[in-house]
Amino acid sequence: MKSRKPMQFVVGDLVYYTKKDENNPSVTVNNYPVGIVARVGRFNGFSGSSEVYVVYWLKDGIVSEHLANNLELVYNV
């Protein structure tokens, strides 16, 4: 089974926050708050390093860090 590489984002991308359905992990639940990627950093964990995205959430006016698997582009060019 191939593992899919997470999407990569750049500063300025508009993103949605998404998460997996707890009862059915193959289904993604979109909460649809919109944010802007403000910074891209690195996270070193047990399974290697991955990119961490600092997102400014427009509606709430807060900043939080997320891995790519919880973000989705608002638009596709």
Side-chain angles (χ1 to χ4, degrees):
M1 182 170 140
K2 285 186 175 182
S3 65
R4 197 174 74 158
K5 185 177 179 181
M7 182 166 244
Q8 294 181 333
F9 303 98
V10 296
V11 172
D13 277 347
L14 289 175
V15 293
Y16 290 127
Y17 176 78
T18 61
K19 68 176 186 172
K20 296 292 182 186
D21 185 332
E22 295 169 2
N23 298 322
N24 187 355
S26 65
V27 174
T28 299
V29 177
N30 292 323
N31 290 341
Y32 295 115
V34 175
I36 300 171
V37 175
R39 189 174 65 219
V40 179
R42 298 295 292 170
F43 171 77
N44 294 316
F46 293 112
S47 62
S49 66
S50 59
E51 292 184 342
V52 173
Y53 300 96
V54 177
V55 179
Y56 173 77
W57 298 104
L58 299 172
K59 182 178 178 183
D60 299 326
I62 61 171
V63 176
S64 56
E65 296 180 349
H66 300 276
L67 297 175
N69 60 346
N70 288 112
L71 300 173
E72 184 177 312
L73 279 176
V74 170
Y75 57 89
N76 287 317
V77 178

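Computed from heavy atoms alone, side chains included, the values below leave out hydrogens, waters and symmetry copies.
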Participant: Any non-hydrogen side-chain atom of L73 less than 4.5 Å from a side-chain atom of L14?
Facilitator: no

Participant: How far apart are the closest heavy atoms of R39 and V11, and which atoms are they?
Facilitator: CA-CG2, 4.0 Å

Participant: Considering all heavy atoms of both residues, which atom of Y16 and which atom of V74 are nearest to each other, and what is their separation?
Facilitator: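 The pair with the smallest heavy-atom distance is CE1-CA, 3.8 Å.
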
Participant: Looking at CG of N70 and OG1 of T18, how far apart are the two atoms once the value is rounded to the nearest 0.5 Å?
Facilitator: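 One finds 5.5 Å between CG of N70 and OG1 of T18.
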
Participant: Atom CG in L71, atom CZ in F9: separation rounded to 0.5 Å?
Facilitator: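 Spacing of CG (L71) from CZ (F9) equals 5.0 Å.
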
Participant: What is the distance from atom CE of M7 to atom CG of N69, rounded to the nearest 0.5 Å?
Facilitator: 13.0 Å

Participant: Heavy atoms, side chains only, cut-off 4.5 Å: are L67 and Y53 in contact?
Facilitator: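 Answer no - side chains too far apart.
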
Participant: Do V10 and V37 touch side chain to side chain, with heavy atoms closer than 4.5 Å?
Facilitator: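 V10 does not reach V37 side chain to side chain.
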
Participant: Measure across P33 and W57 and return the closest heavy-atom pair with its distance rounded to 0.1 Å.
Facilitator: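 Looking at all heavy atoms of both residues, the closest pair is O-CZ3, 3.4 Å.
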
